[in-house]
Protein chains: 2
Amino acid sequence: MRLTTKGRYAVTAMLDLAFHSQIKPVTLTDIAARQTISLSYLEQLFARLRRAGMVKGVRGPGGGYKLCRKTSEINIADIIAAVNEPIDSTKCGGEANCQKDQACLTHDLWMGLSEQIKDYLKSISLADLLEKNQVQEVAIRQHHDAQHTIEIHHHQD
Amino acid sequence: MRLTTKGRYAVTAMLDLAFHSQIKPVTLTDIAARQTISLSYLEQLFARLRRAGMVKGVRGPGGGYKLCRKTSEINIADIIAAVNEPIDSTKCGGEANCQKDQACLTHDLWMGLSEQIKDYLKSISLADLLEKNQVQEVAIRQHHDAQHTIEIHHHQD
DNA sequence: TACTTAACCTAGCAAAATAGTCAACTATTA
DNA sequence: TAATAGTTGACTATTTTGCTAGGTTAAGTA
Ligand code: FES
Ligand code: FES
């Protein structure tokens, strides 16, 4: 499991998609504009996400992308794994034989740690994040509404 | 929190150090040989680890590196943070103002997730990993011993 | 049928990060 | 003093990243 800005872009885009594709597909152009990510970079990311079976492209006018599964069934680890080249972080490439005596200090250890992180990220779904974010959005909207009300009151003075 | 091979190198080297520096300091040459990491790359990593106050260099013959703290007081997150350039993973660089309406979809969300991963890695100490590894080592040795016994039995036939 | 839309694909590029090298230098200690 | 071993800085190669530019293909619409 590698964790870089690339993965962040992917998670962000997927979250945007989850948030806006309730009714109709969302175009990458829209996501690019909202999240300030280059369109073609998004295309690259979504090509991988599509090949991983997480999203589905709909061509033609009114088209765009939509999720293949429910937001509760899409986890963060899968998204990150989909966009990152699956690099074998071991020297031996699966075989546990690079040295005689201290062979797997790197091998088992990092693999285990990496697996733990993956498990952790697997336990977080898009729905979980959406919920969190929605709470915040609601809070902000309520704040705005409140301010709006205050302004109206002010005008009525 | 970023997770790349660089961090893996650092954690692996620190673990090797923890494992071998019980009695006397360990030279980077030894670690380089054991873990098949380039010596000069290790030097770079250990320069950062030293600046972060995690290891101490001992000069002269019989010198090398040793840990500044107990293995139970050194966590994985700190090691990884020490070798990675502290990059601000947000576009806005701390300010939450990159866009008007959807400002912090990226911001709060990824920051929070990143923080959670960091917390998780903070909860794992070198001692924890050592213990695990030692358990495995014992297991392997036992397995070897068992096979050895089998071979002896075979010879006795 | 022609046109538009947006997915889908390809090649290439500049900047950054990563991984590793080399050589000179300094401090320690046997 | 001579050997050892850390310290430093500059330098190079490779990979990844994020992006641009240009297409092709499928699906709607006039
Ligand atoms: S990396 Fe797999 S055995 Fe050393
Ligand atoms: S990244 Fe911080 S507000 Fe958008």
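What you are looking at is a predicted structure, and each value in this text was computed from that prediction instead of being measured. Proteins get letters first, then strands, A, B, ... in listed order; numbering begins at 1 in each. Atom set for the values below is all heavy atoms of this structure, side chains included, hydrogens, waters and symmetry mates excluded.
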Nucleotide [N], atom [atom2] - distance to [atom1] of [X] in whole Å:
X     : N      : atom1 : atom2 : value
B:R2  : C:dA17 : CZ    : P     : 7 Å
A:L3  : D:dT16 : CG    : C1'   : 15 Å
B:Y9  : D:dT15 : OH    : C1'   : 12 Å
A:K24 : D:dA27 : NZ    : C1'   : 15 Å
A:L17 : C:dA6  : CG    : P     : 15 Å
A:K6  : C:dA17 : NZ    : P     : 16 Å
A:L39 : D:dG23 : CG    : C1'   : 14 Å
B:L42 : C:dG20 : CG    : P     : 9 Å

N or O in side chain of A:Y41 less than 4.0 angstrom from D:dG18 OP1/OP2:
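The answer is yes; a side-chain N or O of A:Y41 sits under 4.0 Å from OP1 or OP2.
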
Short side-chain N/O contact to D:dT17 OP1/OP2 from A:T5, under 4.0 Å:
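Answer no for this pair, as no side-chain N or O of A:T5 is under 4.0 Å from OP1 or OP2.
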
Taking only residues two or more places apart in sequence or in another chain, which ones pass side chain to side chain donor-acceptor pair (under 3.5 Å) with B:Q116?
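Applying side chain to side chain donor-acceptor pair (under 3.5 Å) to B:Q116 gives A:Y120.
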
Using atom types as modelled, flag every donor-acceptor pair under 3.5 Å from a side chain in residues 66-79 of chain B to any protein atom, sequence neighbours excluded.
from: B:R69; atom 1: NH1; to: B:E73; atom 2: O; distance (Å): 3.2
from: B:N75; atom 1: OD1; to: B:A77; atom 2: N; distance (Å): 3.1
from: B:N75; atom 1: OD1; to: B:D78; atom 2: N; distance (Å): 2.8
from: B:N75; atom 1: ND2; to: B:D78; atom 2: OD2; distance (Å): 3.0
from: B:D78; atom 1: OD1; to: B:K122; atom 2: NZ; distance (Å): 3.0

With distance as the sole test, does B:S125 use its side chain to make a donor-acceptor pair with the main-chain N or O of B:D128 at under 3.5 Å?
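It does hold such a pair.
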
Whether the side chain of B:N84 engages the backbone of B:A81 through a donor-acceptor N/O pair (distance < 3.5 Å, no angle test) should be reported.
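The answer is no, because no donor-acceptor pair under 3.5 Å joins these two groups.
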
Which residues share a side-chain contact (heavy atoms from CB on, under 4.5 Å) with A:D119, sequence neighbours left out
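Checked A:D119 against side-chain contact (heavy atoms from CB on, under 4.5 Å); zero matches.
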
With B for base contact, S for sugar-phosphate-only contact and - for none (protein heavy atoms under 4.0 Å), nucleotides 8-14 of chain C reads BB-----

Need one value for A:L28: base, sugar-phosphate or nothing, where a base atom within 4.0 Å counts as base even if backbone is also close, heavy atoms only.
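Touches sugar-phosphate only.
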
Which part of the nucleic acid, if any, lies within reach of A:T4 when heavy atoms closer than 4.0 Å are counted: base, sugar-phosphate only, or nothing?
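The answer is sugar-phosphate, as A:T4 gets under 4.0 Å only of primed atoms, P, OP1 or OP2.
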
Going by ring-ring contact (aromatic ring centres under 6.0 Å, His included), name the pairs with one or both residues in residues 41-64 of chain A, residues two or more places apart or in two chains.
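Residue pairs passing ring-ring contact (aromatic ring centres under 6.0 Å, His included), neighbours aside: A:Y9-A:Y41, A:F46-A:Y65.
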
Salt bridge (Lys or Arg N to Asp or Glu O under 4.0 Å): which pairs involve residues 35-58 of chain A, sequence neighbours left out?
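Output for this query lists A:R48-A:E85.
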
Pick the nucleotide of DNA chain D nearest each of B:T29 and A:P61; which residue has the one closer to the 5' end?
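Residue closer to the 5' terminus by nearest nucleotide: B:T29.
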
